[in-house]
Amino acid sequence: GPSPWSCASGPGGRALFDLMTPDEIAQDIERTVPETIQDISGAVETLEITLRRMEQQGRSMGMTREQIAEMRAETEAAIAEMRAEAERNSEPIEQAADDARAQQVTILGATFVGAEQGAECQLVLRAQLQGRTGGAQIIPGVSDQNRYPDGEGPSFTAGVFPSSVLDGMRTGALDPGAFGYWEPCMMTDEERQQEIDRAASRGCPPVACTAGQLVLEKAEQGRIAGSFQFEVVQWPRTASPGCRVPTGRDIVVGHFNVASSDDGTDDNSLQSRGRGVWVPGSPLITLDE
């Protein structure tokens, strides 16, 4: 596709993805409290180990044994309260898990890291697949949700983050024009006809697009492969009176084929390195090397 959509893999390319089935999401809900308790307890234990190691090295950590012991007591009290609260309110947790397990869709989240014109770029993909286990299928970018129960209609979204946007996200200084004023354009048949009728009533050219398409050759735990295609439109840098007319139109086509060791029993918790956050289906923003 047009820059910055021409993001491609290369020697430094990598990917992070997760296929979240109804059963996996339900398991995540059920073990939220136990894993939170484990994480909190583990953090205190790490402090205690660090303190002992630094004492052996004759270095100061900035905290005394008494302070850490006090923190340990406070943490254990908080954990006890958390357990009691979970027992008192077990029914909502069980209901949420049951609701998740009853769904007939699987969520795919994927982030692909590559390069565009020699600079880092990242492509993100999120999709709602039909079925409880995913599997090979063809789905549109948008679908008529009224045809499916409880919003379970298939759909996908894709976005690209060029180097300038990633740098802006790290520093908090985003340039509104960093995406080149390109936007994905995907419409159902009904939305496309509505746009045509609306444009005709105003005497303007319609900005109508297809629904796009995601072709999954494989969508299973540990392996995804396929391709996608959708239209993008480029809008003027400044608004003007009259008809809103794109300055450019193009088609984005992408291909992917990646594997991982994920067996579907992971806890879907955010993965982090330094102060950055790694989560499938969003940019991998790292603030520390």
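Residues: numbered from 1 along the sequence shown. Worth knowing before you read on, the calculation uses all heavy atoms, side chains too, and leaves out hydrogens, waters and symmetry mates.
- The closest donor-acceptor contact from the side chain of Thr106 to the backbone of Leu129 lies at 3.5 Å or more, if one exists at all.
- Counting heavy atoms of neighbouring residues, nucleotides and ligands inside a 6.0 Å radius, atom CD of Glu190 does not exceed 12 of them.
- How far CG of Leu108 is from OG1 of Thr21: 12.5 Å, rounded to the nearest 0.5 Å.
- Proximity of Gln234 to Pro246: side-chain heavy atoms (C-beta onward) are nowhere separated by under 4.5 Å.
- For the pair Glu120 (side chain) and Val113 (backbone), a donor-acceptor distance under 3.5 Å is absent.
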* To do: Begin with the C-alpha distance, continue with both residues' side-chain angles, and end with the deciding distance and a verdict on side-chain hydrogen bond (donor to acceptor under 3.5 Å, both in side chains) for Thr111 and Gln122.
  => CA-CA 7 Å; Thr111 304; Gln122 296 182 15; over 6 Å; no

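- Across Ala26 and Ala97, no two heavy atoms sit closer than the pair CB-O, 3.4 Å.
- Other residues, nucleotides and ligands contribute over 12 non-hydrogen atoms within 6.0 Å of the CD atom of Glu81.
- Between the side chains of Asp197 and Gln193, at least one donor-acceptor pair of N or O atoms lies under 3.5 Å.
- Heavy-atom minimum distance, Pro283 versus Val124: N-CG1, 3.8 Å.
- The side-chain hydrogen bond (donor to acceptor under 3.5 Å, both in side chains) test with Arg101 singles out one residue from Gln27, Glu24, Glu30, and that residue is Glu30.
- Gln229 contributes no side-chain N or O that, together with a main-chain N or O of Ile251, makes up a donor-acceptor pair within less than 3.5 Å.
- In this structure, Cys243 and Gly203 approach most closely via the heavy-atom pair SG-O, 4.0 Å.
- Using bins of under 30°, 30° to 60° and over 60° for the plane-to-plane angle, the ring pair Phe161/Phe179 lands in the perpendicular bin.
- Distance check: Ser143 OG to Glu152 CD gives 11.0 Å after rounding to the nearest 0.5 Å.
- Looking at Gln104 and Tyr148, their side chains never come closer than 4.5 Å, going by heavy atoms from C-beta outward.
- Here the CD atom belonging to Glu231 is positioned 4.0 Å from the OG1 atom belonging to Thr210, to the nearest 0.5 angstrom.
- There is no path of hydrophobic side-chain contacts, each under 4.5 Å, that joins Trp182 to Val207.
- Phe256 meets the ring-ring contact (aromatic ring centres under 6.0 Å, His included) test with Phe112; sequence neighbours excluded.
- For Arg126 (side chain) and Gly109 (main-chain N/O), no donor-acceptor pair under 3.5 Å exists by modelled atom type.
- Using a 4.5 Å heavy-atom cutoff, the side chains of Arg132 and Gln103 are not in contact.
- Under the 4.5 Å side-chain heavy-atom criterion for grouping Ile, Leu, Val, Met, Phe, Trp and Tyr, Trp235 is not connected to Met186 through any hydrophobic cluster.
- A continuous path of hydrophobic side-chain contacts links Ile29 to Met20 [ILVMFWY only; heavy atoms under 4.5 Å].
- Counting all heavy atoms, side chain and backbone alike, Pro206 lies closest to Ala199 at CA-CB, 3.5 Å.
- Of all heavy-atom pairs spanning Gln213 and Phe156, the tightest one is C-CE2, 3.6 Å.
- In this structure the side chain of Cys204 never reaches within 4.5 angstrom of the side chain of Val245, judged on heavy atoms.
- A side-chain N or O of Glu116 and one of Ser6 form a donor-acceptor pair less than 3.5 Å apart.
- Distance check: Thr157 OG1 to Leu125 CG gives 7.0 Å after rounding to the nearest 0.5 Å.
- In terms of hydrophobic clustering, with Ile, Leu, Val, Met, Phe, Trp and Tyr side chains grouped at heavy-atom distances under 4.5 Å, Val105 and Ile224 are assigned to different clusters.
- For the atom pair CD (Glu70) and CD (Glu74), the distance works out to 5.0 Å, reported to the nearest 0.5 Å.
- By the criterion of side-chain heavy atoms lying less than 4.5 angstrom apart, applied directly or through intervening Ile, Leu, Val, Met, Phe, Trp or Tyr residues, Ile139 is grouped together with Val252 in one hydrophobic cluster.
- Looking only at side-chain heavy atoms (C-beta outward), Ser163 and Gln117 stay at 4.5 Å or farther from each other.
- In this structure the side chain of Ile107 reaches within 4.5 angstrom of the side chain of Gln128, judged on heavy atoms.
- Electrostatic pairing of Glu195 and Arg198 counts as a salt bridge here, judged by a charged N lying under 4.0 Å from a carboxylate O.
- Looking at Phe230 and Leu214, their side chains never come closer than 4.5 Å, going by heavy atoms from C-beta outward.
- By the 4.5 Å heavy-atom criterion applied to side chains, Trp5 and Leu123 are counted as neighbours.
- We find the OG-CD distance between Ser227 and Glu217 to be 6.0 Å, quoted to the nearest 0.5 Å.
- For the pair Ser164 and Ala178, the tightest heavy-atom approach, listed with the atom from each and the gap, is OG-CB, 3.5 Å.
- Side-chain N/O atoms of Asp99 and Gln95 include a donor and acceptor closer than 3.5 Å.
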